[in-house]
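Predicted model only: the values in this text are computed from it and were never measured.
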Amino acid sequence: MTSDIRQTLGHRADVAPHRSGGDDSPGLRPSILDPLFAPARGLPGVGPKIAPLIEKLLGSEERPARVADLLFHLPQSGVARPLCGSIRDAPTGEPVTLGVTVVAHRPPMLGKRAFRVLVEDGTGDISLVFFGMPRGRIEKMLPVGSHRYVSGRIDLWDGTRQMVHPSRILDEAGLASLPAVEPIYGATEGLTSRVISKIVHGALDRLPVLPEWQDASYLARNRCPPFAEALRIEHRPEEAPPPPSEGQPPPASPARKRLAYDELLASQLALALVRARQRRKAGRVNAGDGHLKARVEAALPFALTGAQARAVEEIRADMASERRMLRLLQGDVGSGKTAVALLAMASAVEAGRQAALMAPTEILARQHFERLVPLAGAMRLRLLTGRDRAAERRATLADLAAGGIDIVVGTHALFQEAVAFRDLGLAVVDEQHRFGVHQRLALGAKGEAVDILVMTATPIPRTLALTFFGDMDVSVLDEKPAGRQPIKTITVPVERVDEVVEGLHRALAAGDRVYWICPLVAESEYVDLAAAAERFEDLKKHFGDGVGLIHGKMPGPEKDAAMEAFAAGRTRVLVSTTVVEVGVDVPEATIMVIEHAERFGLAQLHQLRGRVGRGSKASSCLLLYRGPLGQVAKARLEMMRASEDGFRIAEEDLRLRGEGEVLGTRQSGMAAFRLARLESDGDLLEAARNDARLIVERDPRLSSERGRALRVLLYLFEREAAIRLIEAG
């Protein structure tokens, strides 16, 4: 069951869809899809030199590139190459195609590198310029006196018009076969867009006639072509797309929208089938009379915000029902998720059951435990991590199995096979994006009808929440507790770093503590970024032993010791990589310095900034950047100065970078869609989610004519594990 759901969701690196062998064998996949799942190496034009490049571009360690991968590798844009009437009328700086006569060859003179070919028509002449191309090849392509059609961009050089390395040189027959619009593909070194286009044409010839899985009225209303025809239209455009308006992607064609909707529907249908499977399982009442909840609430040093109170009621309503809870608690930095989680766990203990809180790191697990102990009252709490001493661990496991522990807080150690509960009622998973879905479910499988609450401090745009957490109900904490200080955010060029250090002297004299974030642990010969180790040594010259260092390569005990020294005030400047990004809480820290801030994503900058402003003193965040800034980096830093609203920042991050970056493999293990663009297809996602839920309600086993076609869709987009959930009953 766990692996089924892991493969069904399929968008995280740690829950990757099944790629080869076993379940991906032709015997389990509809045979109609076999041509699309065949290796791309078998396509015309993919010889021994091209095949490795195709694998580099579209393959993976798990499986080779397939025909479908090429077909889903849509052009990024298209270039129209209109045949201009004359050289005189051809615009400069734009792609054009001209009919010309070759007049003369001008080989490079001594000390020159360019081979020039003079061409003309009745209105003027231009030079075709070639660098490093063999003379014989040029003379063969452009014999003197021949008529040729050349495509490229005309530029001015030293007052004369020239075309450097024409992209096409054609005779009459070649011109007849030239497409009106040349598709431009994302490529890789040694593999050009034009070569990809030729190979894709061979892939298009392999397209089978597939059953129609979309609703007929939807297709008619949106003028959508059939799936195969939509792919052909996108790969063989008849006209170039209109240029995008300022800051907006170009409008999508009906064919592009059709393909995006197909992929989104496959994703949402898989999630809906997972959700239906979870809902079919019998639940248990997991909330008591509220007496422990009331005690915890009275012990809190602050009154619950309206958002917290609303979330607690939503969670208790789930836990009081006989339907299993599967809920995402989403809150901005400092919005009070831990208090909500404790109130939820108290509800489970009231009902005579146990609760578990799993955090991604030992630092966070220990911090959660220390926060909860003074609030828990009579509830029995215990900490369980992978570094507990053997005797201590044995005692904890025995007490857990015997019911001597009400709430256990821990790391990945909690879902190990040796950990057994007497009666686990609620599993809380902190920082959901650090765990795989299978890990969350493995913890939930340690009891009967366990309710699951997952939490994230990374505000997620609504479209991404629907995409990656669509099997869950969502509670949002969009208010901050009273007393949280605003954070002044300042951008500073890195050339003024000495002024920043001088300012820290004054701040430390006033009793403040400082985070200094660096992107790398050691210098890279390719990227000019300040290393944490080097910055640590530099700051020690100014502040002596009051400077600490923490980074991802340190052993766990050393990380804990460095963090504890900073929290206790034994060190007052902590140089760190982004390991302090989430959850670490030192109220005395009032200054956050982020070096090379232009290299960070918006959400990450916001998370780092949230490590300060947690006490009663005013706080500052200094964004050190190296100019000149690109357009996206500039917009990112301006947004940080303009807003502390994590949800607004997350939406802007999605607009600036797309879902593949916001939740991409480099940051959180989630992979981008191949056909859909969530930054512009949010309306399609809503429709796909509603359609998927309606499908599952009306045809839960996908046995109708449309249901059988939808099974093909799920296999096509590698959500076939959802079908196994149906067959499992």
Side-chain angles (χ1 to χ4, degrees), residues 4-5 7-11 17 30 32-33 72 210-231 234 251-280 326 328 460-474 654 659 672-727:
D4 283 346
I5 296 179
Q7 294 172 37
T8 301
L9 297 183
H11 266 282
I32 195 173
L33 293 176
F72 291 168
L210 298 173
E212 183 54 75
W213 46 71
Q214 295 293 2
D215 179 70
S217 62
Y218 175 86
L219 296 177
R221 188 167 61 251
N222 293 281
R223 299 182 294 112
C224 294
F227 175 79
E229 182 61 24
L231 278 174
E234 286 300 300
S253 66
R256 189 92 181 204
K257 280 189 171 290
R258 157 74 203 241
L259 297 173
Y261 192 73
D262 287 332
E263 185 170 30
L264 293 172
L265 181 60
S267 169
Q268 292 302 301
L269 182 57
L271 286 167
L273 289 166
V274 171
R275 184 183 180 91
R277 169 74 176 236
Q278 292 290 303
R279 295 302 191 214
R280 285 200 300 272
L326 190 55
L328 171 69
I460 304 170
R462 176 169 171 74
T463 50
L464 292 184
L466 290 178
T467 303
F468 298 106
F469 303 103
D471 58 328
M472 301 182 192
D473 296 308
V474 180
L654 179 63
E659 85 283 358
F673 283 104
R674 291 183 286 182
L675 303 179
R677 300 168 178 151
L678 292 187
E679 61 269 30
S680 57
D681 291 332
D683 57 331
L684 298 180
L685 179 60
E686 293 274 5
R689 188 188 197 206
N690 294 334
D691 194 5
R693 288 190 166 184
L694 195 60
I695 290 166
V696 172
E697 288 175 9
R698 294 178 175 177
D699 186 14
R701 301 192 63 80
L702 300 185
S703 56
S704 66
E705 181 180 357
R706 186 188 181 195
R708 291 191 295 273
L710 285 164
R711 289 177 177 238
V712 175
L713 175 71
L714 290 170
Y715 273 104
L716 178 62
F717 286 101
E718 299 179 89
R719 298 296 193 279
E720 64 270 20
I723 299 171
R724 291 196 294 276
L725 292 181
I726 299 171
E727 303 300 341

Quick one: does [X]'s side chain get under 4.5 Å of [Y]'s, heavy atoms only?
X    : Y    : value
D699 : L710 : no
L271 : R689 : no
R706 : R708 : no
L716 : F72  : yes

Rounded to the nearest 0.5 angstrom, the CZ-CG distance for R693 and D691 is 12.5 Å

D473 CG to L326 CG distance, which is reported to the nearest 0.5 Å
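D473 atom CG to L326 atom CG measures 7.5 Å (nearest 0.5 Å).
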
Once side-chain hydrogen bond (donor to acceptor under 3.5 Å, both in side chains) is applied, do any residues pair with [X], and if so which ones, sequence neighbours excluded?
X    : value
E234 : S253, R256
D215 : S217
E705 : none

Partner residues of [X] under the side chain to side chain contact (heavy atoms under 4.5 Å, CB included) criterion, sequence neighbours left out:
X    : answer
A230 : P225, A255, R258, L259
N222 : Y218, C224
A692 : L265, Q268, L269, A272
R698 : L694

Nearest heavy-atom neighbours spanning [X] and [Y]:
X    : Y    : result
I32  : P211 : CD1-CD, 4.0 Å
R674 : E263 : N-OE2, 3.1 Å
A709 : E212 : CB-O, 3.5 Å

Give the ring-plane orientation class for F717 versus F227, where under 30° counts as parallel, over 60° as perpendicular and anything between as tilted.
perpendicular

### Task
May I have the step-by-step check of side-chain contact (heavy atoms from CB on, under 4.5 Å) for L713 and L210, ending in yes or no?
CA-CA 9 Å; L713 175 71; L210 298 173; over 6 Å; no

